[in-house]
Amino acid sequence: MTQAFQKIAAVRGMNDVLPGEGTRWEQFEEIVRDWLRSYGYRNVRMPILEHTRLFTRGIGEVTDIVEKEMYTFTDSLNGDSLTMRPEMTAGVVRAAIEHNLLYDRPQRVYSIGPAFRHERPQRGRYRQFHQIDVEALGFAGPDIDAELIVMLSRLWKRLGLTDVRLELNSLGQPAERAAHRAALIAHLEQHRDVLDEDGQRRMYSNPLRVLDTKNPAMQAMADSAPRLFDFLGDESRAHFDGLCQLLGDAGIEYRLNPRLVRGLDYYNSTVFEWVTDRLGSQGTVCGGGRYDGLIELLGGKPAPAIGFAIGVERLLDLCSQTASIDIPPECEVYVVHQGPDAQRLAARVGEQLRDAGFSVIVHAGSASFKSQFKRADASGARVAVILGADEVASQTASVKFLRAEAGSEGSQQQIALDRLADVLKS
Ligand code: ATP
Ligand code: MG
């Protein structure tokens, strides 16, 4: 009797990265790691699970993320409330405090990995997605603010992306925000009739966030609201002007967007986003800013900091439109064989070639030459190495070039095994 088992699908909004696509991710990550190293950033890896209070305190109670997007559950062993990280900054800062990383020096660090938000899945918006998170801890700027932005512009260039533009704003310091907040609440009270439910609820608890709405009916109200930028004092202005000057030096264009407030409470001073029109409504590929108060808020010794996060899925979507990431073949050399002695030899030849630095697939199992060659072709290999009874007897290999190069396509040569790696190299 056979039993039919039902298939089990992935959780909604959580994507599989399959072969081919996975290779693209890998290539992309290599480019990204090279780029980060070239600015002296070092890798850190924090747990995916953190105490819920890290995010409620760090990101802010009255934010989309904390109010409705977190995957939170109770640890059945001890009753702790745990949350799957919705972003990475809070965890990096917690770790920096816990391990006293800023004790005698500032730190440039980065982390790449998944984050989780319970949102409505659509293109560019998933429930598990990935971020490249970069943090400069203990730096007051504005030189480091500019460095981070220049650095991102270098990455876009490296990836061949021309259609991403920079939006910039300053959120000032707490006192400036307080003055603006009072003016803003007065404005919201005047326009109470156009506020949606979120707006009504947040107008006193987090009025700035009311302006970050995506609701078209509230755009006019948001456009006419008092601008935080106009409430900045001399010091905040000087910081912002310093940044703009350095961006000018680097030839980086930007647009001042007074509506840019970002979805997390911890930001102050410089905030920025890189956006594109090529991804539909999920057009922000990178967001970041300064969070000078967060380290203290999470129990550390006060220290300034700035960082950003790139959305990997959105950026890869953009890269696939410009074909800017080369995808290498499955292997360089594919070894085909016929007969038990040749199969044993094939395993040895495969190891020999790997010693010499080649990537090699040795055909597994036995099959006709014809079907093995089909596999060899599909693998994208440049060369097939062929081993049969004759080759075993003469300790040679037949080499066939599978890709057109200098008219050599299809030609086959007999080569002594001890010279094989050298010949393939040339
Ligand atoms: P959005 O306004 O699009 O919701 P956000 O302000 O919530 O973005 P951040 O918290 O700044 O996003 O996260 C940094 C980056 O991570 C975003 O710019 C975006 O590229 C990516 N990102 C955020 N949420 C998602 C998601 N649910 N799926 C895929 N990528 C995401
Ligand atoms: Mg969001």
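Quick caveat: nothing in here was measured; it's all calculated off a predicted structure. Each residue takes its place number in the sequence, starting with 1.
When all heavy atoms of Ala347 and Val362 are compared, the pair lying nearest together is N-CG1, 4.4 Å. Between Tyr110 and Val134, the shortest heavy-atom contact is CB-CG2, 4.1 Å. The two atoms that bring Ile144 and Tyr41 nearest to each other are CD1-OH, 4.4 Å, heavy atoms only. In plain terms, the two heavy atoms of Asn43 and Arg45 that are nearest each other are OD1-NE, 2.6 Å. Nearest heavy atom pair, residue Leu195 against residue Met221, reads CD2-CE, 3.8 Å. Residues Gly13 and Tyr126 approach most closely at O-CB, 3.4 Å, considering heavy atoms.
Applying the 6.0 Å contact sphere to CG of Asp326 captures no more than 12 heavy atoms from other residues, nucleotides or ligands. No more than 12 heavy-atom neighbours from other residues, nucleotides or ligands sit within 6.0 angstrom of CZ on Arg154. Around the CD atom of Glu235, the shell of radius 6.0 Å holds no more than 12 heavy atoms that belong to other residues, nucleotides or ligands. Counting non-hydrogen atoms of other residues, nucleotides and ligands closer than 6.0 Å to CG of Asp104 gives a total above 12. More than 12 heavy atoms of other residues, nucleotides or ligands sit less than 6.0 Å from atom CZ of Arg201.
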Exercise for review: List the steps, then state whether side-chain contact (heavy atoms from CB on, under 4.5 Å) holds for Ile59 with Glu87.
Suggested key: CA-CA 9 Å; Ile59 296 173; Glu87 55 98 51; 3.7 Å; yes
Exercise for review: Tell me, with the steps shown, if Asp230 and Arg227 meet salt bridge (Lys or Arg N to Asp or Glu O under 4.0 Å).
Suggested key: CA-CA 6 Å; Asp230 298 325; Arg227 305 179 340 162; 3.3 Å; yes
Practice item. I would like to know whether Ser236 and Ser170 meet side-chain hydrogen bond (donor to acceptor under 3.5 Å, both in side chains); could you show each step before the answer? Key: CA-CA 8 Å; Ser236 293; Ser170 172; 5.3 Å; no
Practice item. Verify side-chain contact (heavy atoms from CB on, under 4.5 Å) between Arg94 and Met46, making sure each step is shown before the conclusion. Key: CA-CA 9 Å; Arg94 176 203 49 74; Met46 274 74 218; 4.1 Å; yes
**Study point:** His363/Tyr334 under side-chain contact (heavy atoms from CB on, under 4.5 Å): CA gap, chis, key distance, verdict
**Key:** CA-CA 7 Å; His363 188 88; Tyr334 197 102; 2.8 Å; yes
Exercise for review: Might you work through the side-chain contact (heavy atoms from CB on, under 4.5 Å) test for Ile325 and Leu316, ending with a clear yes or no?
Suggested key: CA-CA 9 Å; Ile325 300 174; Leu316 278 174; 3.8 Å; yes
Exercise for review: Start with the C-alpha distance between Glu21 and Arg24, add both sets of side-chain angles, then the distance that settles salt bridge (Lys or Arg N to Asp or Glu O under 4.0 Å), and finish with yes or no.
Suggested key: CA-CA 5 Å; Glu21 193 53 17; Arg24 226 163 69 80; 3.4 Å; yes
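Taking the charged nitrogens against the carboxylate oxygens, Arg382 and Glu332 have no contact shorter than 4.0 Å, which rules out a salt bridge. One finds a salt bridge joining Arg255 and Glu167 here, because a Lys/Arg side-chain nitrogen approaches an Asp/Glu carboxylate oxygen to under 4.0 Å. Ionic pairing of Glu330 and Arg375 is not present here: no N-O contact between side-chain nitrogen and carboxylate oxygen is shorter than 4.0 angstrom. Of the charged side-chain nitrogens involved, none lies within less than 4.0 Å of a carboxylate oxygen, so that Glu176 and Arg181 do not count as a salt-bridged pair. Under a 4.0 Å N-O distance rule, the pair Arg202/Asp64 qualifies as a salt bridge. Between Arg348 and Glu351, none of the side-chain N atoms (NZ, or NE/NH1/NH2) sits under 4.0 Å from a carboxylate O, so this pair counts as no salt bridge. Ion pairing between Lys425 and Asp422 fails under the 4.0 Å rule for side-chain N and carboxylate O. Between Asp317 and Arg123, at least one side-chain nitrogen of the basic residue sits less than 4.0 Å from a carboxylate oxygen of the acidic one, meeting the salt-bridge criterion.
Looking at Glu391 and His337, their side chains never come closer than 4.5 Å, going by heavy atoms from C-beta outward. Looking at Met70 and Phe116, their side chains never come closer than 4.5 Å, going by heavy atoms from C-beta outward. Taking 4.5 Å as the limit, some side-chain heavy atom of Asn169 sits within range of a side-chain heavy atom of Leu256. Contact annotation: the side chain of Leu166 never approaches that of Glu273 to less than 4.5 Å [non-hydrogen atoms, C-beta and beyond]. Inter-residue side-chain proximity for Val399 and Val423 is flagged as unmet; no heavy-atom pair is nearer than 4.5 Å. Counting heavy atoms from C-beta on, the side chains of Leu137 and Leu101 never come closer than 4.5 Å. Considering only heavy atoms from C-beta on, Asp277 stays 4.5 Å or farther from Asp163 through its side chain. The shortest side-chain heavy-atom distance between Trp274 and Thr284 does not fall under the 4.5 Å cut-off.
Checking Val275, Val312, Thr276, Leu152 one by one against Val285, the side-chain contact (heavy atoms from CB on, under 4.5 Å) holds for a single residue, Thr276. Of the candidates Arg127, Arg125, Arg12, Arg125 is the only one forming a salt bridge (charged side-chain N to carboxylate O under 4.0 Å, His left out) with Glu119.
Counting only N and O atoms by type, the side chains of His239 and Asp145 include a donor and acceptor under 3.5 Å apart. Arg278 and Gln321 are linked by a side-chain donor-acceptor pair at a separation below 3.5 angstrom, with hydrogens and angles left out of the test. Remark: the Arg165 side chain and the Tyr254 side chain contain no N/O donor-acceptor pair separated by less than 3.5 Å. With 3.5 Å as the limit, one finds a donor-acceptor pair spanning the side chains of Arg259 and Gln219. Defined by atom type and a distance below 3.5 Å, a donor-acceptor pair is missing between the side-chain atoms of Ser269 and Gln173. Checking Arg117 against Gln128 by side-chain atom types alone, no donor-acceptor pair falls below 3.5 Å. Defined by atom type and a distance below 3.5 Å, a donor-acceptor pair is present between the side-chain atoms of Thr89 and Glu135. Side-chain contact check for Asn215 and Asp196: at least one donor-acceptor pair (N or O, by modelled atom type) lies under 3.5 Å.
Lys400 forms a cation-pi arrangement with Phe373, by the criterion of a distance under 6.0 Å to the ring centre and an angle within 45° of the ring axis.
The distance from the CD1 atom of Ile310 to the CD atom of Gln131 is 9.5 Å, given to the nearest 0.5 Å. Taking CE of Met84 as the start and OG1 of Thr52 as the end, the distance is 12.0 Å to the nearest 0.5 Å. In this structure, Asp75 CG and Leu49 CG are separated by 8.5 Å, a value rounded to the nearest 0.5 Å. Atoms CG and CG, from Leu315 and Leu155 in turn, are 6.5 Å apart once rounded to the nearest 0.5 Å.
Glu313 places no side-chain N or O within donor-acceptor distance of the main-chain N or O of Phe129, the cut-off being under 3.5 Å.
Ring orientation note: the planes of Tyr291 and Tyr267 are nearly perpendicular, at an angle over 60° on the 30°/60° scale.
Here the two rings, on Phe229 and Phe240, have centers that are under 6.0 Å apart.
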